[in-house]
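Take a look at the structure set out below.
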Amino acid sequence: MSGLSSVPGSFGEARSWLLPRVYGAAHASIEYLELVNYKAESGYPALQPVTRDLQLGVSVELESGYAKVSAATLSQWGVTLEQALDGAVENSLDRELDLALLAEGTFLINDEKYAAVWRRPVLAESLPIAGAPIVLAATASVTVVCGEDSPDGLLVMAATLEQVLRSGERVESITPQRWDGNSWTAVEWPVEVVRNGTAGVISRLFAAGLYSRQRPALGGVYKGQGHDVYVADYQLVKNPEGQMLSIASWTEGAWIALPIVDEIVLVKPGGETVGVAWDRAQAVFGSLLKPATTNPERYVTQGFPSQDQVRQALG
């Protein structure tokens with residue numbers, strides 16, 4: 001791989017090696033927790049919001065890979081994030097893309113530098129697509145693009161996203177975004193994707209990846225703060241009909257940071273368990289669930305439901 005041996009000390013030296021890098025907002029939040037555990041918060045990348053769940057940063061192309069550009073590095077260079085992003089995007093525009101046709105009017109771009117599309121939508125508009133561009137930042141390097149008038153574009157996009165999620169790759173976003181000429185707007189999956197269960201599978205697999213990465217980082221932060229809080233697993237199971245469901249355990253006698261799941265499994269000291277749907281748990285046990293300031297969201301238990309509350313939730 002071509003690139004520099006290390007991050008330059010000046011913007012002039014770095015400028016021609018800068019590339020844009022897309023981050024899912026939840027992954028960015030988790031990365032901050034990870035850095036807190038190593039007391040290395042100064043290494044957190046400088047980021048600019050693009051959509052509700054996407055942010056854009058800058059990386060330096062090195063011989064060994066890519067180095068993220070932090071606010072401290074920008075300060076050393078004497079430039080703003082906006083200036084660094086402008087340079088990174090300009091570098092990306094001149095490079096040939098790794099473009100694959102998934103279906104008529106639907107493309108997969110396997111290249112980190114295509115993150116430039118979030119500041120230069122013309123990169124998507126110039127593709128042979130039907131209608132306004134719809135773009136999905138599946139991973140930092142994999143982007144899927146179709147046109148809003150493509151009959152199967154979003155169906156192919158959803159199927160591709162599910163494949164990426166099942167492969168175990170880190171997925172940045174599961175929300176397609178449409179460029180309307182002025183701004184990016186979130187696009188809902190078609191009814192077919194919801195009815196055939198793909199939308200639910202995508203949502204749960206994405207959440208599983210986020211919560212799995214967040215769990216050790218958040219546990220380390222709680223430990224460092226002296227809080228005896230257990231960070232619960234987000235588990236995927238199948239119901240008798242074969243549908244994917246998410247569950248987490250709430251054990252009596254412990255402080256637990258619960259993920260948002262389909263069903264909470266209440267666990268008594270003797271091993272007795274009972275499952276309660278998340279919405280019912282929030283409705284009945286709401287006073288026992290304190291929101292944590294995390295992304296993805298968690299709730300820290302403040303006790304354990306009484307028998308009467310459990311009966312009410314199940315009724």
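With sequence neighbours excluded, the residues forming a side chain to side chain donor-acceptor pair (under 3.5 Å) with Arg170 are Glu172, listed by chain and number. Checked against side chain to side chain donor-acceptor pair (under 3.5 Å), Ser70 has the following partners two or more places apart in sequence or in another chain: Thr73. With sequence neighbours excluded, no residue forms a salt bridge (Lys or Arg N to Asp or Glu O under 4.0 Å) with Arg120.
Smallest separation of non-hydrogen atoms from Ala72 and Ser42: CB-O, 4.2 Å. Closest of all the heavy-atom pairs between Ala103 and Val156 is CB-CG2, 3.9 Å. Ile202 and Ala158 get closest at one heavy-atom pair: CD1-O, 3.6 Å. Residues Trp255 and Thr301 share a closest heavy-atom pair of CE3-O, 3.0 Å. Between Glu96 and Asp111, the shortest heavy-atom contact is O-OD2, 3.9 Å. Taking both residues in full, the closest heavy atoms of Pro128 and Phe107 are given as CG-CZ, 3.4 Å, listed atom of the first, atom of the second, then distance.
Figure legend: Arg213 and Tyr211 shown without cation-pi pairing, the cationic atom not lying both under 6.0 angstrom from the six-membered ring centre and within 45 degrees of its axis.
Side-chain contact, Gln48 with Glu82: a donor N or O sits under 3.5 Å from an acceptor N or O. Between Gln312 and Arg280, the side chains place no donor N or O within less than 3.5 Å of an acceptor N or O (distance only, hydrogens not considered). Asp53 and Thr51 are linked by a side-chain donor-acceptor pair at a separation below 3.5 angstrom, with hydrogens and angles left out of the test.
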Requested in this report: Apply side chain to side chain contact (heavy atoms under 4.5 Å, CB included) to Ile174 and Val171, showing your working.
Outcome: CA-CA 8 Å; Ile174 60 171; Val171 168; 4.1 Å; yes

Query - Audit row: Tyr299, Trp278, ring pair (Phe, Tyr, Trp, His ring centres under 6.0 Å) steps and yes/no - result: CA-CA 11 Å; Tyr299 287 78; Trp278 177 263; 5.7 Å; yes

Query raised in the report: Between Val145 and Met157, is a side chain to side chain contact (heavy atoms under 4.5 Å, CB included) present by the stated rule, with each step listed?
Result: CA-CA 8 Å; Val145 180; Met157 185 178 283; 5.9 Å; no

Query raised in the report: Where do Thr80 and Gln83 land on the side chain to side chain contact (heavy atoms under 4.5 Å, CB included) test, with the steps shown first?
Result: CA-CA 5 Å; Thr80 64; Gln83 291 171 315; 3.3 Å; yes

Query - Residue pair Gln163, Thr160: steps toward the side chain to side chain donor-acceptor pair (under 3.5 Å) verdict - result: CA-CA 5 Å; Gln163 289 177 358; Thr160 303; 5.2 Å; no

Report task. Determine, stepwise, if the pair Leu266 / Phe304 fulfils side chain to side chain contact (heavy atoms under 4.5 Å, CB included). Result -> CA-CA 9 Å; Leu266 302 174; Phe304 195 77; 3.9 Å; yes

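In this structure, Val58 and Leu81 have side chains that are in contact, with non-hydrogen atoms separated by less than 4.5 Å. The closest side-chain heavy-atom distance from Lys113 to Asn91 is not below 4.5 Å. Residues Phe285 and Gln309 are in side-chain contact: their nearest non-hydrogen atoms beyond the backbone lie under 4.5 Å apart. Taking 4.5 Å as the limit, some side-chain heavy atom of Leu210 sits within range of a side-chain heavy atom of His27. At least one side-chain heavy atom of Ile256 sits less than 4.5 Å from a side-chain heavy atom of Thr251. A heavy-atom distance below 4.5 Å is found between the side chains of Glu112 and Tyr66. Counting heavy atoms from C-beta on, the side chains of Tyr234 and Leu236 come closer than 4.5 Å. Val69 is listed as a side-chain neighbour of Leu74, based on a closest heavy-atom distance under 4.5 Å.
The local environment of CD in Glu104 is sparse, with at most 12 non-hydrogen atoms from other residues, nucleotides or ligands closer than 6.0 Å. Counting heavy atoms of neighbouring residues, nucleotides and ligands inside a 6.0 Å radius, atom CD of Gln76 exceeds 12 of them. Atom OH of Tyr32 is surrounded by 12 or fewer heavy atoms from other residues, nucleotides or ligands within 6.0 Å. Applying the 6.0 Å contact sphere to CD of Glu188 captures no more than 12 heavy atoms from other residues, nucleotides or ligands.
Taking CG from Leu54 and OH from Tyr23, the interatomic distance works out to 12.5 Å, rounded to the nearest 0.5 Å. Residue Leu19 holds its CG atom at 11.5 Å from CZ of Arg21, rounded to the nearest 0.5 Å. Once rounded to the nearest 0.5 Å, the distance linking CD of Glu162 with CZ of Phe206 reads 15.0 Å.
Cluster membership check: Leu127 shares its hydrophobic cluster with Val22, using side-chain heavy-atom separations under 4.5 Å among Ile, Leu, Val, Met, Phe, Trp and Tyr.
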Review item, side-chain donor-acceptor pairs of residues 216-228, under 3.5 Å, at least two apart:
none

Pairs of donor and acceptor atoms involving the side chains of residues 136-144, under 3.5 Å and at least two apart or interchain, shall be tabulated with distances.
| residue | atom | partner | partner atom | Å |
| --- | --- | --- | --- | --- |
| Thr139 | OG1 | Ser141 | N | 3.1 |
| Thr139 | OG1 | Val142 | N | 2.8 |

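A side-chain donor-acceptor contact under 3.5 Å links Asp180 to the backbone of Ser183.
The hydrophobic side chain of Val122 is isolated, with no ILVMFWY side chain under 4.5 Å apart from it.
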